[in-house]
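Small disclaimer: the values here were computed from a predicted structure and weren't measured.
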Amino acid sequence: MDALLALVAGIQASEPLYPTLAYWPVFIAALLTMSFFNHVLLTIAFGGSIGKLLTGLRTIRTSDLEKPTIGQATRRWLWGFYYIACIPIMMLTGTDMDHLDIAGLRIVRRVDVRRLKG
């Protein structure tokens, strides 16, 4: 859902420029802007991206179960690009990489956070 949202933002922002050379830079800039807004700013404000919030998930700090700081959310967002690039290599080599504890964060169900804080 989050990737689709970023793609739609890129398409909408760049559509008027379609036949020109400016199309791809505008598309990428809009896609990255929406991705940052969704994965970083919404996560520090509400505890998750739109996709996570709609599915009952939250991103929390492992240390105190609170919402991530902007630094933690940004590191996790940047790590996602590296992780996506590594997926084909991991599939070909049969290796696995734990990406869930990046920047001291975990993705959990909202009901579990309430129970733990309880």
Side-chain angles (χ1 to χ4, degrees):
M1 174 170 270
D2 294 327
L4 181 62
L5 181 65
L7 283 172
V8 168
I11 291 167
Q12 288 295 316
S14 60
E15 185 178 9
L17 305 169
Y18 176 65
T20 68
L21 291 174
Y23 175 81
W24 286 108
V26 171
F27 173 81
I28 291 169
L31 182 137
L32 291 174
T33 300
M34 177 55 78
S35 178
F36 183 83
F37 174 79
N38 189 30
H39 288 281
V40 177
L41 300 180
L42 285 180
T43 296
I44 62 173
F46 300 105
S49 64
I50 290 173
K52 286 181 188 61
L53 295 174
L54 289 175
T55 57
L57 299 173
R58 296 294 182 268
T59 303
I60 61 167
R61 295 189 302 237
T62 54
S63 60
D64 60 4
L65 309 180
E66 295 298 324
K67 291 183 249 180
T69 64
I70 191 162
Q72 288 175 311
T74 301
R75 281 191 301 276
R76 186 174 184 280
W77 178 67
L78 290 171
W79 171 258
F81 295 111
Y82 174 75
Y83 184 75
I84 288 169
C86 289
I87 288 174
I89 296 167
M90 292 186 305
M91 289 175 66
L92 290 173
T93 60
T95 60
D96 194 15
M97 180 188 312
D98 182 15
H99 66 286
L100 298 176
D101 198 19
I102 300 306
L105 302 177
R106 281 281 190 203
I107 299 169
V108 297
R109 295 182 310 167
R110 182 181 63 217
V111 294
D112 293 336
V113 174
R114 284 190 202 148
R115 189 173 37 105
L116 290 170
K117 286 184 173 183

Legend entry - Side-chain hydrophobic cluster, 4.5 Å single linkage: members besides Val8: Leu4
Inset, instruction - For the pair Asn38 (side chain) and Ile50 (backbone), establish whether a donor and an acceptor sit closer than 3.5 Å, ignoring hydrogens and angles. - result: yes
Legend entry - For Ala73 against His39, the heavy-atom pair lying closest together: CB-O, 4.4 Å
Inset, instruction - Take atom OH of Tyr23 as the centre, draw a 6.0 Å sphere, and report whether it contains more than 12 heavy atoms from other residues, nucleotides or ligands. - result: yes
Legend entry - Pairs touching residues 50-64 that satisfy side-chain hydrogen bond (donor to acceptor under 3.5 Å, both in side chains), sequence neighbours left out: Arg61-Asp64
Legend entry - Euclidean distance, Asp112 CG relative to Arg106 CZ, rounded to 0.5 Å: 13.0 Å
Inset, instruction - Taking Thr33 for its side chain and Ala29 for its backbone only, find out whether a donor-acceptor pair lies under 3.5 Å. - result: yes
Legend entry - Leu31 with Val26, same ILVMFWY side-chain cluster at under 4.5 Å: no
Inset, instruction - Look at atom CZ of Phe81 and say whether more than 12 heavy atoms of other residues, nucleotides or ligands are closer to it than 6.0 Å. - result: yes
Inset, instruction - Working to the nearest 0.5 Å, report the span between OG1 of Thr43 and CD1 of Ile60. - result: 12.5 Å
Inset, instruction - Could you pull out the closest heavy-atom pair between Gly47 and Lys67, with the gap in Å? - result: N-CD, 3.6 Å
Inset, instruction - Flag yes if Trp24 and Leu7 sit in one hydrophobic cluster, no otherwise; membership is Ile, Leu, Val, Met, Phe, Trp, Tyr, and two members link when side-chain heavy atoms are under 4.5 Å apart. - result: yes
Inset, instruction - Looking only at non-hydrogen atoms, find the nearest pair between Ala9 and Ala30 and report the distance. - result: O-CB, 3.7 Å
Inset, instruction - Over 60° means perpendicular and under 30° means parallel, so classify the ring planes of Tyr82 and Trp79, tilted if in between. - result: tilted
Inset, instruction - Compare all side-chain heavy atoms of Leu78 with those of Phe36 and state whether any distance is below 4.5 angstrom. - result: no
Inset, instruction - Indicate the atoms forming the closest heavy-atom contact of Leu105 with Pro68, along with that distance. - result: CD2-CB, 3.6 Å
Inset, instruction - Please examine the side chains of Thr69 and Ile44, heavy atoms only from C-beta on, and report whether any two atoms are closer than 4.5 Å. - result: no
Legend entry - Nearest non-hydrogen partners of Phe46 and Leu53, listed with the distance: O-CD2, 3.7 Å
Legend entry - Ile87 side chain near Met90 side chain, heavy-atom distance below 4.5 Å: yes
Legend entry - Nearest heavy atoms of Val40 and Trp77, plus distance in Å: CG2-CB, 3.6 Å
Legend entry - Contacts of type salt bridge (charged side-chain N to carboxylate O under 4.0 Å, His left out), residue Glu66, not counting sequence neighbours: Lys117
